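Some notes on the structure that comes next.
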Amino acid sequence: MDERNTAPDRDKQQRMEQARRRPDGTRLTTQQGVRVDHTDDSLSAGARGPTLMEDFHAREKITHFDHERIPERVVHARGAGAYGYFEPYRSMAEYTTADFLAEPGRRTPVFVRFSTVAGSRGSADTVRDVRGFATKFYTRAGNYDLVGNNMPVFFIQDGIKFPDFVHAVKPEPDREIPQAASAHDTFWDFVSLQPEAMHTVMWLMSDRAIPRSYRMMQGFGVHTFRFVNADGRGTFVKFHWKPKLGTHSLVWEEAQTCAGKDPDFNRRDLWEAIESGHFLEWELGVQLVPESDEFAFDFDLLDATKIIPEEQVPVEPVGRMVLDRNPDNFFAETEQVAFHTANVVPGIDFTNDPLLQARNFSYLDTQLIRLGGPNFAQLPVNRPVAEVSTNQRDGYGQQDVHVGTAAYSPNSLNPGGCPVVADDGAYRHHAERVDGAKIRARSESFQDFYSQPTLFWNSMCDWEREHIVAAFRFELGKVEHRHVRERTVARLNAIDHDLAVQVADGIGVAPPDQPEVPNHGRSSPALSMANSPRDSVETRKIAVLAADGIAADGLRRVLAELSERGAVPEVLGVVDGTVTSTDGDDLPVARQHGTVDAALYDAVLVPDGADAVAALAADGAASRYVLTAFKHGKPVGGLGAGADLVSRLLGDSLDGGDDGVVLSDGTDGFAERFAAALARHRWFERPLDQVPA
Ligand code: HDD
């Protein structure tokens, strides 16, 4: 392997290694290193007497415990992270001096944290919400943080509105209800009064807000940033992460089931994928706009509620990111990682986007309270691999022992006057010319709130639209104040009349008579998840229903073939342990089917075996697997007697034929057909209302 390519990666993990503490071969001690031989009873005056103050071990143990918690993040409290690397396909030197984008194949270590926004640290993963997608690149020129989301737009245009927005979406302050949900009055009150929010609201009501997996969601830098090259030339840039496995989502009913059956659904998926060697991969892409084209669009590049449609400015591939290592300690790494939009490196600069400008203040500020002082950049997960030499001193939790007398610049007392202020490789702010009167006002160019929500709606396929309408009905159906429902419908009418009418019909509000404005009719195919790649079965989980009397012989071959293709079959028993097989060789059960649910799987398979299928048919919960998988658009497979059971359960729903239901008498060619169905992800075209589940 090329040493040059792996060195920085090795550096980060080597440095982390210095901080890792393993229990292997150790003896229990106090924090001072004094060995302890008894930790079950306090030191007391007699067996039944009072505990003694001098019990330093008990005091230290309890005191540390009392201080174990730190404030959770004010937003994005719930998250999970992983390490990996980024490597460019090509040099971007024409546009940027960013060192980590300079050389094809040169690896830069990264840490990524995915998150939900509104919920507390212990909330469920599969709530309807934006997902955070924050990447820390440990580059040789310092840390670069790309703190993005899985949606390319944001609810507000100016960061000064962020506290208002967050207060509106968080649980209502009198009763602290609801947890991790936007389906309540204050959220809809705020967004319907703040029409700039409507574009992101459309994304939030789409299935993008309930990703199947962190591995199957896009990431976006959201803002327009700026690349700066060696000549000082700036180029506007939008960052995109495209998942190798395509962009796929759950459906809302499943998401709700997951929240109960496995609140850690996305976190577990991330962890298990890495542990099983199915590393996560995204392609980094950029949309580049020359500075001369700053005003070439019918929206403002500085407005974070707007996308640049990919058909207008294509996304150019730059490199790939692979996540291949789980953290060793959730608190030390995932909880203490501190992202900051102002962590930029030479070659990457800001724009005057007022949302970004506010973020550049907020992230540093929040870490000071969250991590308890100004030295959080010294925590192992936050430490750059680049050399750090500042004149900053002292503060809570100082880890470094600074040697020398002069902590100021310039000085002549440290050898060579170090740390010297040097030109080479230094960060230079882009010399943008700015001139203006001090005013508190929103730019006129930020005032079109509806064209892009309409573009989004127009770009959705039928099932995406159905899911969006259902989401609006669910959320607004939870809103108590009628006028808030009505005002929201009025806002939707400015996006699309048909959308407004459909939502109004579902929530008991009078539908608008006519469109507020005609729909402009434009669309952007790249926005539809239906156009995302559907060619992989990698890590797709299959629930294989099992009971005594299963025909395990052919099944084993089918499962082996599906596993070879990267799918993950799991045998779910009517009872735990093993099931007897017709070939006499018992089949181990991964778990009892009642401990999980079809919602946690990508497909359901009913194997052959007359006795087994009779037992499954008599078990209502097992039948529900078939019915709900079908209802949620998933592939359903059946072999022999299992195929008969599937046909019986789905009955008339199969009349029109369904390529997602793979039934077969024998096992020949079955795995291939089932894998093809699995790769497509879902059959949302099914007439779902007829399914009795
Ligand atoms: Fe933010 C956390 C993404 C606007 C203030 N934000 C946070 C995280 C992500 C984002 C992914 C979690 C980072 C982690 O995993 O630790 N935020 C965004 C995006 C935004 C955005 C994509 C709009 C484009 N944020 C935004 C604004 C403000 C903040 C306008 C304040 C003015 N965000 C914060 C914060 C957080 C945060 C309060 C909470 C914890 C933290 O920073 O470290 O400072």
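If you're wondering where the values come from, they're calculated on a predicted model, not measured in any experiment. Atoms within each ligand, like the ligands themselves, are counted from 1 in listed order.
The N/O atoms of Arg113, backbone and side chain alike, include one that comes under 3.5 Å of an N/O atom in ligand 1. Distances between N or O atoms of Gln367 and those of ligand 1 include at least one value under 3.5 Å.
In terms of protein heavy-atom proximity, atom 38 (C) of ligand 1 is closest to Val74 CG1, 3.3 Å. Looking only at heavy atoms of the protein, atom 41 (C) of ligand 1 is closest to Thr366 CG2, 3.5 Å. The nearest heavy-atom contact from the protein to atom 11 (C) of ligand 1 is Gly148 O, 3.2 Å. The protein atom (non-hydrogen) at minimum distance from atom 13 (C) of ligand 1 is Phe339 CD1, 3.8 Å. Of the protein's heavy atoms, Asn149 ND2, 3.1 Å lies nearest to atom 22 (C) of ligand 1.
Within a 6.0 Å radius of CD in Glu275, other residues, nucleotides and ligands contribute more than 12 heavy atoms. A 6.0 Å sphere centred on CZ of Arg393 holds more than 12 heavy atoms belonging to other residues, nucleotides or ligands. At most 12 non-hydrogen atoms from other residues, nucleotides or ligands lie less than 6.0 angstrom from CZ of Phe361. Surrounding CD of Gln392 are at most 12 heavy atoms belonging to other residues, nucleotides or ligands under 6.0 Å away. Counting non-hydrogen atoms of other residues, nucleotides and ligands closer than 6.0 Å to NE2 of His167 gives a total of 12 or fewer. No more than 12 heavy-atom neighbours from other residues, nucleotides or ligands sit within 6.0 angstrom of CG on Asp435. Residue Leu193 places its CG atom among more than 12 non-hydrogen atoms of other residues, nucleotides or ligands, all under 6.0 Å distant. Around CD1 of Ile369, the count of heavy atoms belonging to other residues, nucleotides or ligands within 6.0 Å does not exceed 12.
For atom 1 (Fe) of ligand 1, protein N, O or S atoms closer than 2.8 Å were enumerated as Tyr363 OH, with waters left out.
A side chain to side chain contact (heavy atoms under 4.5 Å, CB included) with Cys258 is found for exactly one of Val127, Asn266, Thr126, Asp125, namely Thr126.
Closest to atom 40 (C) of ligand 1 by heavy atom, among Arg73, Lys161, Lys136, is Arg73.
Of all atoms in ligand 1, numbered sequentially from 1 with element shown, those under 4.0 Å from a heavy atom of Leu355 are 23 (C), 24 (C), 30 (C). Contact atoms of ligand 1 toward Val222: 22 (C), 24 (C) (distance under 4.0 Å to a heavy atom of the residue).
In this structure, Ala304 has no heavy atom closer than 4.0 Å to ligand 1.
The ring of Phe239 has its center no closer than 6.0 angstrom to the ring center of Phe220.
For Arg487 and Asp189, the salt-bridge test passes: some basic side-chain N is under 4.0 Å from an acidic carboxylate O.
In this structure Lys161 satisfies the salt bridge (charged side-chain N to carboxylate O under 4.0 Å, His left out) test together with Asp164, sequence neighbours excluded.
In Phe133, the part holding a heavy atom less than 4.0 Å from any atom of ligand 1 is the backbone.
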